[in-house]
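Data first, discussion second: the structure below is written as structure tokens.
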Amino acid sequence: MRLSRYFLPLLKETPADATIASHKYMLRAGMIKQNSAGIYSWLPLGFKVLKKIEQIVREEQNKAGAIEMLMPTIQSADLWRETGRYDAYGPEMLRITDRHERDMLYGPTNEDMITDIFRSFVRSYKDLPKNLYHIQWKFRDERRPRFGVMRGREFLMKDAYSFDMTAEDARKSYNKMFLTYLNTYARMGLKAVAMKADTGPIGGDLSHEFIILAETGESEVFCHADLVNMPPPGELDFDADLQPLVDERLALYAATDEMHNADAFAKIPEDKQLSARGIEVGHIFYFGEKYSEPMNAAVMDQDGKAVTVHMGSYGVGVSRLVGGIIEASHDENGIIWPKAVTPFGAGIINLKVGDEEADKVSEDLYAKLSTAGIDPLYDDRSDRGGVKFSRMDLIGLPYSITVGPRGLKEGIVEVKTRATGERENLSPEAAVKFITSEYEGIV
RNA sequence: CGGAGUGUGGCGCAGUCCGGUUAGCGCACUCGUCUGGGGGACGAGAGGUCGUUGGUUCAAAUCCAAUCACUCCGACCA
């Protein structure tokens with residue numbers, strides 16, 4: 001993309017209502033625009049990141065055997081009355097009345113609807129297990145939206161729902177998601193820890209929250225320090241018994257404040273006791289027959305007997321992750337995107353637009369990086385160098401190549417790595433080679 | 001939902017307490033000149049129903065009332 005043709009409305013000054021880094025930088029870098037309290041438009045740059053995160057989540061879900069579909073944002077109140085949640089959910093649910101005076105709602109989650117879909121079509125134990133998911137906008141009328149997309153009212157969530165014959169099988173489905181989540185966050189450059197969690201209004205008795213540590217996190221968390229740097233499980237054999245891998249994680253203490261057990265925490269060696277703040281980026285539940293029983297979602301077993309299915313649900317806050325990643329990866333100059341989610345793979349800064357040689361080399365780099373699948377952003381505007389440098393730092397592309405007459409006299413361009421600030425003088429060819437190799441396995 | 005605030009060009013703010021010329025300032029924007037390797041200089045411009053409605057007054061951004069929106073602090077949550 002050529003910057004001169006892109007839509008990137010940057011702000012020089014920080015808007016007054018932003019108090020945390022991710023919110024500030026998302027506004028300043030032209031990623032989002034607030035439309036109402038807790039409701040945002042995703043501008044082109046922000047949208048690209050959102051889509052990249054969504055795609056990583058999707059790929060990992062698919063690997064684990066979950067099947068993607070799409071349910072509507074607007075639901076009928078009837079389903080929610082069946083499970084008793086229409087009254088139980090409270091004012092967080094946005095209730096709507098249509099022209100026929102029918103009670104509708106903007107879905108805050110989809111357990112009721114997916115259970116209805118399941119019971120409509122699935123009749124036999126032979127069809128189980130199943131895990132269905134979608135990535136869809138949700139609305140929860142938060143009492144107090146804040147922190148930009150980290151606590152919006154409208155947010156994009158991946159929610160998966162598993163169906164099994166027995167509690168034991170459901171545990172297997174749960175384990176798949178548990179480990180898949182760790183891989184998912186790791187791919188985005190995040191260190192996430194699974195913590196014992198409260199089940200809230202979703203209900204159930206087995207639940208974990210996935211937390212990334214950040215000073216601006218909303219929840220207080222306690223865990224064994226080794227969990228933070230534990231490598232992700234990596235390639236998984238989903239047909240094998242995954243319990244040992246899960247147990248490995250659960251052996252070390254980790255809990256959010258509402259589930260915190262001070263005695264258990266005290267047993268951790270003192271230098272490993274980690275008490276910090278965290279951002280919840282995922283939450284998984286096993287809730288058994290909580291919805292399948294009232295909604296009569298049952299299948300025939302081998303003996304022709306109806307068996308109520310065991311369910312679980314698994315959420316990832318996709319839009320929240322955009323903010324979460326920035327909280328975890330930024331400095332005083334702006335965002336530092338992990339390679340897997342960066343909106344553009346590299347920036348090209350032409351310091352003297354109009355200079356024949358600088359234009360030629362920049363265009364050539366742009367063409368070669370594009371062909372290599374790097375998706376470069378070419379700053380072809382005629383601003384001064386300083387403006388371009390700070391702009392590039394703010395939007396945080398992992399690499400940028402500076403092209404200017406001074407360097408070209410020696411036949412070199414400068415490649416800067418955003419995270420380290422390191423700069424290296426290379427020939428244009430070597431610069432392309434370097435960046436391409438850095439993206440090996442990601443593009 | 002309790003408490004505290006804020007609404008004035010695109011953004012950040014001053015002016016409001018104590019009513020009175022043409023509502024200012026910085027940044028951004030447009031045009032021109034000089035510039036050009038870390039947010040440049042000078043000159044010339046454009047842009048505002050002072051959130052909304054009503055009231056008081058000869059006169060309202062300023063006082064009063066209502067209302068809407070947004071923010072912050074707390075209690076609750078992907």
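Order of the sequence lines sets the chain letters (A, B, ...), proteins ahead of strands, with each chain counted from 1.
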field: Base-pairing mate for B/U16 - Watson-Crick or G-U, with both contacts under 3.5 Å
entry: none
- prompt: Taking for each residue the nucleotide of RNA chain B with the nearest heavy atom, is it A/Pro145 or A/Met150 whose nucleotide lies nearer the 5' end?
  reply: A/Pro145
- request: Do nucleotides 35-44 of chain B as a string where each nucleotide becomes B, S or -: B if the base has a protein heavy atom under 4.0 Å, S if just the sugar-phosphate does, - if no protein is that close.
  value: BBBBBB----
task: Please determine, for the side chain of A/Glu13, which listed nucleotide (B/G12, B/G74, B/A78) has the closest atom?
output: B/G12
message: Suppose you measure atom P in B/C72 against the same atom in B/G19; what distance do you get, rounded to whole Å?
response: 34 Å
field: Euclidean distance for P, B/G47 against B/A66 (whole angstrom)
entry: 37 Å
query: Across all strands, who's sitting opposite B/U56 as a Watson-Crick or G-U wobble pair, both distances under 3.5 Å?
result: none
- line: Here the distance between atom P of B/A78 and atom CD of A/Glu209, to the nearest Å, is 6 Å
field: Nearest to side-chain heavy atoms of A/Phe285, which nucleotide of B/C73, B/C27, B/A78
entry: B/A78
query: Do you see a donor-acceptor pair shorter than 3.5 Å between the side chains of A/Thr216 and A/Glu327?
result: yes
field: Rounded distance in Å between the C1' positions of B/U21 and B/G3
entry: 43 Å
statement: Heavy-atom nearest pair, A/Ile212 first then A/Gly324, reads CD1-O, 3.7 Å
- prompt: Is the backbone of A/Thr109 close enough, under 3.5 Å, to the side chain of A/Gln75 for a donor and an acceptor to pair up by distance?
  reply: yes
field: Sugar-phosphate only, base, or nothing, as touched by A/Gly152 at under 4.0 Å among non-hydrogen atoms
entry: base
statement: As its Watson-Crick or G-U partner within any shown strand, both distances under 3.5 Å, B/A69 has B/U6
task: Using only heavy-atom distances, determine whether the side chains of A/Gln243 and A/Asn175 contain a donor-acceptor pair under 3.5 Å.
output: yes
Who pairs with B/U22 - Watson-Crick or G-U, where each distance is under 3.5 Å: none
query: Nearest-Å distance, CD (A/Glu142) to P (B/G74)?
result: 15 Å
- request: Take the protein atom NZ of A/Lys24 and the nucleotide atom P of B/C11, then report the distance between them rounded to whole Å.
  value: 18 Å
- line: Between CZ of A/Arg153 and C1' of B/C1 the distance, given in whole Å, is 15 Å
C1' atoms of B/C68 and B/C29, separation to the nearest Å: 31 Å
field: B/A60 to B/U8 separation - C1' atoms, rounded to the nearest Å
entry: 14 Å
field: Pair of N/O donor and acceptor under 3.5 Å linking B/C1 base with A/Arg143 side chain
entry: no
field: Distance between P atoms of B/C73 and B/C25 (Å, rounded)
entry: 34 Å
- line: side-chain hydrogen bond (donor to acceptor under 3.5 Å, both in side chains) filter on A/Asp116, not counting sequence neighbours, yields A/Arg119
query: What integer distance in Å separates A/His23:NE2 from B/C72:C1'?
result: 13 Å
message: Suppose you measure atom P in B/G5 against the same atom in B/C50; what distance do you get, rounded to whole Å?
response: 25 Å
field: With A/Phe434 via ring pair (Phe, Tyr, Trp, His ring centres under 6.0 Å) - residues at least two apart
entry: A/Tyr399
RNA chain B contacts made by residues 33-51 of chain A, counting heavy atoms under 4.0 Å: A/Gln34, A/Ser36, A/Ala37
- request: Using the P atom on both, measure B/C1 against B/U67 and round to a whole Å.
  value: 14 Å
statement: Taken in chain and number order and not counting sequence neighbours, the residues that satisfy side-chain hydrogen bond (donor to acceptor under 3.5 Å, both in side chains) with A/Ser275 are none
message: Testing the 3.5 Å rule here: is there a donor-acceptor pair between the side chains of A/Tyr291 and A/Asp112?
response: no
message: Side chains of A/His283 and A/Ser207 only: does a donor on one sit below 3.5 Å from an acceptor on the other?
response: yes
- prompt: Once you round it to whole Å, what is the distance between P of B/C70 and CZ of A/Arg144?
  reply: 14 Å
- request: Sort out the partner of B/U30 for me: Watson-Crick or G-U wobble, both distances under 3.5 Å, none otherwise.
  value: B/A44
- request: Figure out the CZ/C1' separation between A/Phe147 and B/A78, and round it to whole Å.
  value: 16 Å
Partner residues of A/Lys63 under the side-chain hydrogen bond (donor to acceptor under 3.5 Å, both in side chains) criterion, sequence neighbours left out: A/Glu60
- line: Taken to the nearest whole Å, CG/A/Asp17 to C1'/B/C73 is 16 Å
task: Scan A/Val318 against the nucleic acid and name what it touches under 4.0 Å (heavy atoms): base, sugar-phosphate only, or nothing.
output: nothing
query: Is a donor on one side and an acceptor on the other found under 3.5 Å between the side chain of A/Ser329 and the backbone of A/Ile336?
result: yes
